[in-house]
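Working notes for the structure below.
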2 protein chains.
Amino acid sequence: MSATIYDVAREAGVSMATVSRVMNDTAVVKEETKKRVLEAIAKLSYRPNAIARGLASKRTKTIGVIVPDVSAAFMAELVRGIEDIANMYHYHIILCNSDGQLDREKDLVGTMWEKQVDGLLFMSPRLQQEHIDTFEEAQLPIVLCRTDDPEGRIPSVNINNRQAAIDVVDYLVAKGCKSIAFVGAQNGLRTLTDERRVGFLQGIQRNGIDSQLIELPNETYATALPILKNAFKQGAPRAIFTANDELAIAAEHAAQDASLRIPEDIMIVGFDNTKLTEMSRPALTTVTQSMYDYGAVAMRFLTKLLSDEPISTYTVVLPHQILEKESTAPRLIR
Amino acid sequence: MSATIYDVAREAGVSMATVSRVMNDTAVVKEETKKRVLEAIAKLSYRPNAIARGLASKRTKTIGVIVPDVSAAFMAELVRGIEDIANMYHYHIILCNSDGQLDREKDLVGTMWEKQVDGLLFMSPRLQQEHIDTFEEAQLPIVLCRTDDPEGRIPSVNINNRQAAIDVVDYLVAKGCKSIAFVGAQNGLRTLTDERRVGFLQGIQRNGIDSQLIELPNETYATALPILKNAFKQGAPRAIFTANDELAIAAEHAAQDASLRIPEDIMIVGFDNTKLTEMSRPALTTVTQSMYDYGAVAMRFLTKLLSDEPISTYTVVLPHQILEKESTAPRLIR
DNA sequence: CTGTTAGCGCCTTCAC
DNA sequence: GTGAAGGCGCTAACAG
């Protein structure tokens, strides 16, 4: 068993209260006794027990992070952003995967409450009323990240997915595309993809060009590839806009299999700006800022909430932009 | 403020000890009183405070996971494997990134101790004596994952990287390759890459063929690409074996830029079997089982340690295998 | 089967 | 500036 605050107090010849004070810098302690305490701490290599501290202070310095699936490339980057900022503010994160299942998400919020996390960072493909109810019940500071509450009841950091999709259409039209297909999963729920699809359709309508919707059962590379290959057999559109980068890579491969040149015959635009966009051939034009920044901003937002720093808005809308790479631009000389 | 165990006890007309008993199923309680307690719990929507429980029981049901960087694709998959199994055994994970820096790693072990984690899953590119010392000091059940302790002092789950590399050389030789290059970072420390390099060299020697070592300052796609392109200018080997999948993709692209056909002109073999291998063109031949399984096995191992289940060996060596895909085999018809 | 009683290790008023 | 004392919410003997 290791040293407790009492051991340190005895060693330093002071009371435990004083030890607590120097540990937490919570009141002025005479320089000399402070020194004695510090020496005792070092001598016993004392480490405060965070659990006991949590019980007494009701603050655990840990925040819960609920994501659908870390193993998705962009989620991992996002989590890294969260962790870096958390670390900067001396928080730790408990990471949970929900697979986007409502039951599990609700359960996790409860479990995180049990663990007495100081706050919650929540990501989900779609937010339903039940989520909101669960959040309210939990009475925890919560920030949604890359997850939209249309009513703006919950603090969130997000980009304007609809507008971003419109911008992509405009961008492709400016590039001379007269027909554009949108690729994403259709599941009847309000998802990020739906937001993007809506924007896409708005953009199409505004520009008065041809469009096509390619619906997927899910948004993975493996699922998308055969479906896209098949779609291209009956004539490919001039451009493809996918709901995320992974799908865009599937589109690239499907196009290549159909002997279509990128970007000469078909342009491709992804979404999320993950590392994948740099590791694909041709490099992928994509939308928005890095997932890392996304997570970082969300975590910073939460720390503000937790320390009662003034907040200007509870619905942070991150700027988005289109990063032009090879899949829509003349090939660079290699 | 939410309900405590006292509130439930009062509501059910029993003592808090009984409530605790039904919560933890730690002793037989009469069916009827149990029912009353359960009703009280439901009525007050009582949730036990895990922190208080942790303080009293000295077990927090959380384990610390220290990784170099979750945002690396394979690490994310590995972490997912860990989390799934952790969840299965009702553990939660605190995830920390160390960037492979010794100081930070040591510090994190200490902080995890403060948080009273029940155990630690530790990943690092290289293990030094200082790590061992830190672990011993912490007195925590620890399992190394994808990290080797050559002396076998710390429980670990790993593959035989050296043998795997030998197997790759044999495999490529059987394919008719007379010259093979190894690509990886050289940093003077004992790393996974070094293990693989050693195996590579042994294989080369045994087969008596030509070899080349291409040393990188780090193991990222962006770093590798230009270096490999340059290397290929002065004549490419018949095969490339890289320390990980990401580098293998760089090799593919470098080869393609040099107008080399894969696998006709040059074969490429990666390492780790990440999702990337399926998302590359040509699909990448790679070594070992999935990172997900890796994490899952390691976590399961830790749960055994934590529950004193019998353990046959403290050094779990996972079987490895070569998964042949397009980068070393005739192209499949698409 | 159930209740009583100590703590777990620390924070936090209060007095001094 | 420092000490004493009372919790935080729960588990775990120990009685009954």
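Numbers restart at 1 for each chain; the letters A, B, ... are given by sequence-line order, proteins then strands.
Residues satisfying the side-chain hydrogen bond (donor to acceptor under 3.5 Å, both in side chains) criterion with B:Thr60, sequence neighbours excluded, are B:Asp118. A search for side-chain hydrogen bond (donor to acceptor under 3.5 Å, both in side chains) contacts involving B:Glu137 returns nothing, not counting sequence neighbours. Checked against side-chain hydrogen bond (donor to acceptor under 3.5 Å, both in side chains), B:Gln101 has no partners two or more places apart in sequence or in another chain. Residues passing the ring pair (Phe, Tyr, Trp, His ring centres under 6.0 Å) test with A:Phe122 are A:His131, A:Phe135, sequence neighbours excluded. With sequence neighbours excluded, the residues forming a side-chain hydrogen bond (donor to acceptor under 3.5 Å, both in side chains) with B:Tyr292 are B:Asp84, listed by chain and number.
Applying the 4.0 Å criterion to OP1 and OP2 of C:dC11, one finds that A:Arg53 has a side-chain N or O inside that range. OP1 or OP2 of D:dT11 lies within a sub-4.0 Å distance of a side-chain N or O belonging to B:Asn24.
Counting to the nearest Å, the C1' atom of C:dC10 and the CZ atom of A:Arg59 are 14 Å from each other. D:dT11 atom P lies 14 Å from atom CD1 of A:Ile51, rounded to whole Å. Following rounding to the nearest Å, B:Asp25 (CG) and D:dT11 (P) show an atom-to-atom distance of 13 Å. Atom C1' of nucleotide D:dG6 and atom CD1 of A:Ile5 are separated by 15 Å, given to the nearest angstrom. Going from atom NZ of B:Lys61 over to atom P of D:dC10 covers 18 Å, rounded to whole Å. Regarding A:Met23, its CE atom lies at a distance of 16 Å from the C1' atom of C:dT12, rounded to whole Å. Taking atom CD on B:Gln116 and atom P on D:dT11, their separation rounds to 16 Å, with Å as the unit. Going from atom CG of B:Leu55 over to atom C1' of D:dC8 covers 9 Å, rounded to whole Å.
Screening residues 66-92 of chain A for ring-ring contact (aromatic ring centres under 6.0 Å, His included) gives no qualifying pairs among residues at least two apart or on separate chains. Residue pairs meeting the salt bridge (charged side-chain N to carboxylate O under 4.0 Å, His left out) criterion with at least one member in residues 40-51 of chain A, sequence neighbours excluded, are A:Glu11-A:Lys43, A:Arg47-B:Glu114.
Taking the side chain of A:Lys58 as heavy atoms from C-beta on, and the options C:dC10, D:dT11, D:dG9, the nearest nucleotide is D:dG9. Relative to the side chain of B:Ser57, the nucleotides D:dA12, D:dC8, C:dG7 differ in distance, and D:dA12 lies closest.
Atom NZ of A:Lys106 has more than 12 neighbouring heavy atoms from other residues, nucleotides or ligands inside a 6.0 Å radius.
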Between the protein and nucleotides 2-5 of chain C, list the N/O to N/O atom pairs that are separated by less than 3.5 angstrom.
{"unit_1": "C:dT2", "atom_1": "OP1", "unit_2": "B:Thr33", "atom_2": "OG1", "d": "3.1"}
{"unit_1": "C:dT2", "atom_1": "OP2", "unit_2": "B:Lys30", "atom_2": "N", "d": "2.8"}
{"unit_1": "C:dT2", "atom_1": "OP2", "unit_2": "B:Thr33", "atom_2": "OG1", "d": "3.1"}
{"unit_1": "C:dG3", "atom_1": "OP2", "unit_2": "B:Ser15", "atom_2": "N", "d": "2.9"}
{"unit_1": "C:dG3", "atom_1": "OP2", "unit_2": "B:Ser15", "atom_2": "OG", "d": "3.3"}
{"unit_1": "C:dG3", "atom_1": "OP2", "unit_2": "B:Thr18", "atom_2": "OG1", "d": "2.8"}
{"unit_1": "C:dG3", "atom_1": "N7", "unit_2": "B:Arg21", "atom_2": "NH1", "d": "3.3"}
{"unit_1": "C:dG3", "atom_1": "N7", "unit_2": "B:Arg21", "atom_2": "NH2", "d": "3.3"}
{"unit_1": "C:dG3", "atom_1": "O6", "unit_2": "B:Arg21", "atom_2": "NH2", "d": "2.3"}

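A donor atom on one side chain and an acceptor atom on the other are not found under 3.5 Å apart for B:Arg36 and B:Thr33.
Computed from C1' positions of five pairs at each end, the angle between the two local axes of the helix from C:dC1-D:dG16 to C:dC16-D:dG1 equals 30°, rounded to 10 degrees.
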